[in-house]
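Notes follow once the structure below has been shown.
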Amino acid sequence: MSHKIIAIIGGGQAAAMAAASLRQQGFDGELHLFSDELHLPYERPPLSKAMLLDENPQLQPVLPANWWRENNVQLHLGVTLRHINRTARTLTLTDGQTYRWSQLLLATGAAARPLPLLDKLGDRCFTLRHAADAEHLRDILLPGKSMVIVGAGTIGLELAASATQRGCRVTVVEMGPSVMGRNAPAPVRDYLLAHHQLAGVRVLLNSAIEHAEAGERLSLTLQNGETLQADAVIYGIGIVANDILAREAGLETANGIIVDTACTTSDPAIYAAGDVAITRLPDGSLVRVESWENANNQAQIAAAAILNLPLPQKTPGWFWTDQYRDNLQFIGEMQGESWLVRGDSDGQKAIWFNLQDGVIVGAVTLNQGREIRLLRKWIQAKKKPPVAALIDETILLKSI
């Protein structure tokens with residue numbers, strides 16, 4: 001395998017874990033990683049939490065700094081790619097340097113979906129995708145300041161919690177009828193909404209900003225005519241995949257680089273993983289999963305595919321969110337009409353179960369993350385737990 005040259009483009013979770021997986025799976029050839037950030041690849045989840053709340057925040061590297069040297073990975077940080085030549089199998093940087101590759105992995109991530117109405121407000125309008133964004137936000141989340149957060153998805157709610165904990169007055173504006181409407185079941189959405197309201201966050205559902213002006217303070221007019229005054233606005237309304245390099249190289253894209261279940265693009269020598277990748281399933285549908293775990297999983301899948309090794313087994317989807325003192329973890333299927341609950345969410349300790357025809361297909365834990373490993377096994381085994389025991393807190397889950 002040593003004759004190959006593998007290049008990875010990206011500086012996030014998927015890029016770093018792909019490098020690690022390639023070395024772990026026996027690739028001993030030339031390995032390059034190119035990133036437009038100056039930092040070593042770092043964890044993204046802390047950006048909306050620890051990086052805003054810790055007294056002396058530090059970026060958390062995905063891999064130890066010495067790992068890259070010890071594993072002979074050539075790092076190219078703070079560089080920008082200009083062009084991928086699929087025929088010559090080269091990539092060219094904006095400074096003109098050219099590098100050869102035998103196989104290429106694109107893990108370029110995504111940017112915040114722009115909102116021109118708010119972007120025109122200038123330096124008092126923020127999004128959060130990178131370390132520099134978190135540094136800027138930390139400077140403006142000051143006690144007594146008023147913040148409007150547009151979007152009540154996971155990132156919007158995490159920012160609302162962090163801003164509130166820093167002493168800001170927070171209003172969340174959401175176009176949809178609920179918070180976390182894309183990825184949380186109804187009882188969990190209800191819990192989160194009530195918890196934020198109890199913390200003093202004003203949540204405006206079925207609402208949208210129609211007009212925005214920048215004066216001494218920002219003035220944001222909603223569709224219903226109400227005007228909000230704010231010192232700053234932060235928005236998170238989805239992503240735009242960083243797929244321009246792939247598109248210009250002639251790869252198949254659709255707000256993301258289209259891959260198969262082996263993370264292979266329309267060019268068999270090029271792979272994609274993480275937020276930039278969108279998977280075409282056997283039925284033809286396109287699915288993107290934006291999570292830390294998916295970035296890890298696709299990195300391992302891509303590495304195995306590059307090396308022509310067996311692909312890792314697919315596991316139930318898993319992600320988490322930390323808001324205030326709560327840790328919520330989501331595993332498996334979140335779509336379902338009837339959810340059972342174990343425990344009492346009023347006591348900040350509960351598990352919600354999604355059963356379909358008696359089979360557990362998904363679950364959400366509230367401050368009970370230690371149960372996730374067991375729940376993953378149950379979902380994979382298509383377990384049919386007895387309902388009475390499932391909701392009885394006197395019975396240990398592991399004994400069922």
Side-chain angles (χ1 to χ4, degrees), residues 153-154 176-194 259-263 277-298 300-301 304 310-323 326-400:
T154 306
S178 66
V179 301
M180 282 186 68
R182 280 201 315 155
N183 49 15
V188 178
R189 298 196 300 262
D190 292 343
Y191 171 78
L192 288 168
L193 175 60
V259 298
D260 61 16
T261 52
C263 292
I278 186 164
T279 304
R280 178 176 282 132
L281 301 180
D283 65 3
S285 61
L286 296 175
V287 175
R288 184 195 342 267
V289 179
E290 302 162 34
S291 72
W292 179 92
E293 187 210 29
N294 182 67
N296 276 352
N297 288 346
Q298 287 194 322
Q300 294 171 32
I301 290 168
L311 302 183
Q313 182 183 3
K314 183 176 173 58
T315 59
W318 168 67
F319 73 99
W320 77 91
T321 178
D322 295 311
Q323 299 176 31
D326 285 345
N327 169 260
L328 291 104
Q329 300 195 34
F330 302 70
I331 187 160
E333 177 60 58
M334 291 297 111
Q335 301 300 316
E337 296 299 319
S338 180
W339 286 72
L340 299 175
V341 63
R342 173 188 178 95
D344 181 7
S345 60
D346 289 341
Q348 281 79 56
K349 201 172 183 182
I351 302 176
W352 292 271
F353 299 97
N354 184 6
L355 271 65
Q356 294 180 10
D357 297 325
V359 176
I360 183 166
V361 297
V364 181
T365 65
L366 172 63
N367 299 321
Q368 298 217 59
R370 66 183 182 278
E371 304 290 6
I372 284 291
R373 181 175 295 183
L374 174 64
L375 294 169
R376 179 182 285 112
K377 289 180 180 178
W378 283 6
I379 293 168
Q380 288 178 298
K382 298 183 179 180
K383 186 176 178 67
K384 280 190 173 184
V387 171
L390 201 60
I391 61 176
D392 186 346
E393 287 188 279
T394 66
I395 300 174
L396 294 176
L397 287 181
K398 65 182 180 181
S399 71
I400 297 177

Of all heavy-atom pairs between [X] and [Y], which one has the smallest distance, and what is that distance?
| X | Y | result |
| --- | --- | --- |
| Gly336 | Asn354 | CA-OD1, 4.0 Å |
| Trp339 | Ala363 | CZ3-CA, 4.1 Å |
| Asn367 | Lys349 | O-CG, 4.4 Å |
| Pro310 | Ala304 | O-CB, 3.6 Å |
| Lys384 | Asp357 | CE-O, 3.4 Å |
| Phe353 | Leu397 | CZ-CD2, 4.3 Å |

(request) May I ask you to decide if the ring planes of Phe330 and Phe319 are parallel, tilted or perpendicular, using 30° and 60° as cut-offs? (result)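 Because their plane-to-plane angle is under 30°, the rings of Phe330 and Phe319 count as parallel.
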
(request) For side chain to side chain contact (heavy atoms under 4.5 Å, CB included), just list the numbers for Asp260 and Arg280, CA-CA rounded to whole Å, side-chain angles, deciding distance to a tenth of an Å, and then say yes or no. (result) CA-CA 5 Å; Asp260 61 16; Arg280 178 176 282 132; over 6 Å; no

Nearest 0.5 Å, please: how far is [atom2] in [Y] from [atom1] in [X]?
| X | Y | atom1 | atom2 | answer |
| --- | --- | --- | --- | --- |
| Ile395 | Arg342 | CD1 | CZ | 7.5 Å |
| Leu340 | Ile391 | CG | CD1 | 6.5 Å |
| Ile400 | Leu390 | CD1 | CG | 5.5 Å |
| Gln380 | Ile360 | CD | CD1 | 12.0 Å |
| Leu374 | Ile331 | CG | CD1 | 10.0 Å |
| Ile351 | Leu328 | CD1 | CG | 11.5 Å |

(request) Kindly indicate, with the supporting measurements, whether the criterion side chain to side chain contact (heavy atoms under 4.5 Å, CB included) is fulfilled by Thr261 and Leu311. (result) CA-CA 9 Å; Thr261 52; Leu311 302 183; 5.6 Å; no

(message) Quick one: does any side-chain atom of Arg189 pair with a main-chain N or O of Met180 as donor and acceptor, under 3.5 Å?
(response) no

(message) Counting only heavy atoms not in Lys383 (residues, nucleotides, ligands), do more than 12 fall under 6.0 Å from its NZ?
(response)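 Count over threshold, so yes.
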
(message) Assess, by modelled atom type and distance only, whether the side chains of Ser291 and Glu293 contain a donor and an acceptor separated by less than 3.5 Å.
(response) no

(request) Find out whether Val341 and Pro187 are in side-chain contact, i.e. whether some heavy atom of one side chain is under 4.5 Å from a heavy atom of the other. (result)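 No; the side chains remain at least 4.5 Å from each other.
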
(request) Just do the side chain to side chain contact (heavy atoms under 4.5 Å, CB included) check on Thr279 and Gln298 with the steps written out, would you? (result) CA-CA 10 Å; Thr279 304; Gln298 287 194 322; 3.5 Å; yes

(request) For side chain to side chain contact (heavy atoms under 4.5 Å, CB included), just list the numbers for Trp352 and Leu366, CA-CA rounded to whole Å, side-chain angles, deciding distance to a tenth of an Å, and then say yes or no. (result) CA-CA 8 Å; Trp352 292 271; Leu366 172 63; 3.8 Å; yes

